[in-house]
Amino acid sequence: MLTVVVIALLVVMVMALSRALLGPTIYDRILAVNVFGTKTVLLIAVVGFLFGRPDFLDIALVYALINFISVIGVLRYFEYSNDRHQGDNP
Amino acid sequence: MIALLLEGVSVLCLGTGIFLLVSGGVGLLRFPEVFSRMHAAGVTETLAASLILLGLMLLAGWGIVMFKLLLILLFILITSPTASHALAKSAVHGGLGVDPDRNETS
Amino acid sequence: MLLLLAITALAIAWLRDLFAAVMLAGIYGLLSASFFVSVDAVDVAFTEAAVGAGIFPLLMLAALALVGRNEQTAYRRPLISLLLVSITGAALVLGTLDMPAFGSADAPPHNHVAVRYIEESPKEIGIPNMVTSVLADYRSFDTLGEVVVVFTAAMGVLGLLFTGRAASPGSATERANMYDHRVLRVVSKMLIPLILLFALYVQFHGEYGPGGGFQAGVIFAAGIILYAMLFGFGNAQRVVRPALLQILAACGVLIYGSVGVVCLLSGGNFLDYSQLLPDPLVGRHVGILVIELGVGITVASAMILIFYAFASATVNSEEVA
């Protein structure tokens, strides 16, 4: 069952990656990065479970933290620079 | 008996989680417009993550592993909707207004 | 996994929109960390998670806010540089052909000192995480060098960018808060203490699980940077003063170095912790803890300082314009 979860996670990660590559607007890319990050957290947790290495959960926790911080950072930056250069088309 | 029940519930959780995960991914890839993509990803993401973590927790049993999984679960429950909200808000402010008539194709 | 890595790297080089390239760099960090996880290098994955996926995009964004987001260089001779890069790449690949097969038992790294480290480390140092014992004890001199490099880099950025003028509240920085993110602020108020607490856990748990000074410093800095982004740089600089950070960054290196000098004074070699206390095992524990603390302090304050430097440079350039 866990293997199936890992495969499904990988498939969804590929989907998110292609959305990040295609993404017509910048918000698509941010969304894709966010989704990708959450899936990575899950992937690491499940893989750690599969290998019987509970240390991995620490890494998953760091990821959950870091993912949130970087999404917020990107959004802040983007609003800020939009504010500066009005008419800068996304 | 209890062990079997726990395993069954966990498989159920994981299975539903996988379904939500994949449907969210398909939505992220196939929907025609930014906000509907956000909707697809944001709505499924939280529930799928919580279901999968719940399934893992049921498999893990009591102990530090379960506590850490619970921590990750709480964290995702808090941050994921917040990130979606901030993203949607900044997309609205950033000039991509919600326009019901717009029908852009990707 | 490696295929995904390669695709992402190609896309980064290909995109002209630097902003999207930074986003992809974040994904690249996440991917390579998953790769490290799958080959069981937990500590490396931890570092990559904190640095590659977290701090690196943030600092790049801060730099982008300074220079604008479109690449402006005109490529004049793409063929020559392409040729050069291909030759270098081919040479590197040729070099790897000479290396022993991945994971084979008679590879040099598996015969030389690694065997001794793996066999003796539990006896000599007595902490479960071998990576920490190699990093902070056997190779402590190298780690001292790395800490000094981080410190020097921060000082260099400061010398180039930092004007020392704190952004006055109510000025351009505060205007960046125009879309009043109330939800974000409330949630972050809940999360920031948790993040800082988790950084301390990583700092002092480095002997038992993955983690240590470098990672903890980066996570700590990320927490402070989150605060700075949501509540304005002026406010953040009033909470964590740049002058204090400069002193702290120097103190971290000082702590590390003085541990070495103390060892020297009590009759051992430089950074030979077993001389610190009567019981060599306990002495080594204490030594590792103290130098990890020094590393953590230096890394955290260096990262926050670099971020402040970029932020204040952006604000100043805007006020001039």
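A, B, ... follow the sequence lines: proteins, then strands. Residue 1 opens every chain.
- Of the listed residues B:Leu56, B:Val22, B:Leu53, the one with more heavy-atom pairs under 4.5 angstrom with chain A than any other is B:Leu56.
- With a threshold of 4.5 angstrom between heavy atoms, A:Val46 approaches chain B through its backbone and through its side chain.
- Atom CZ of B:Phe75 sits about 7.0 Å away from atom CZ of A:Phe68, to the nearest 0.5 Å.
- Within the 4.5 Å cutoff, side-chain heavy atoms of A:Leu31 are placed close to those of B:Arg37.
- For the residue pair B:Glu45 and A:Thr38, the shortest heavy atom distance occurs at OE2-OG1, 3.2 Å.
- For a residue to count as touching a neighbouring chain, one of its non-hydrogen atoms must lie under 4.5 Å from one of that chain's; by this rule A:Val11 does not touch chain B.
- Comparing B:Val11, B:Ile52, B:Leu87 by how many heavy-atom pairs each has under 4.5 Å with chain A, the most go to B:Leu87.
- Proximity of B:Met38 to A:Asp28: side-chain heavy atoms (C-beta onward) are nowhere separated by under 4.5 Å.
- Interface residue A:Leu61: backbone and side-chain heavy atoms are both found under 4.5 Å from chain B.
- Counting all heavy atoms, side chain and backbone alike, B:Ala49 lies closest to A:Leu42 at CA-CD1, 3.8 Å.
- For A:Val71 against B:Ala83, the heavy-atom pair with the smallest separation is CG1-CB, 4.3 Å.
- Interface remark: A:Ile7 contributes no atoms to any contact with chain B (heavy atom separation under 4.5 Å).
- The greatest number of non-hydrogen atom pairs below 4.5 Å with chain A, out of B:Ile78, B:Thr82, B:Leu14, B:Ile76, is found for B:Leu14.
- Contact count against chain B (heavy-atom pairs under 4.5 Å) is highest for A:Leu9 among A:Val41, A:Asn67, A:Leu9, A:Ile72.
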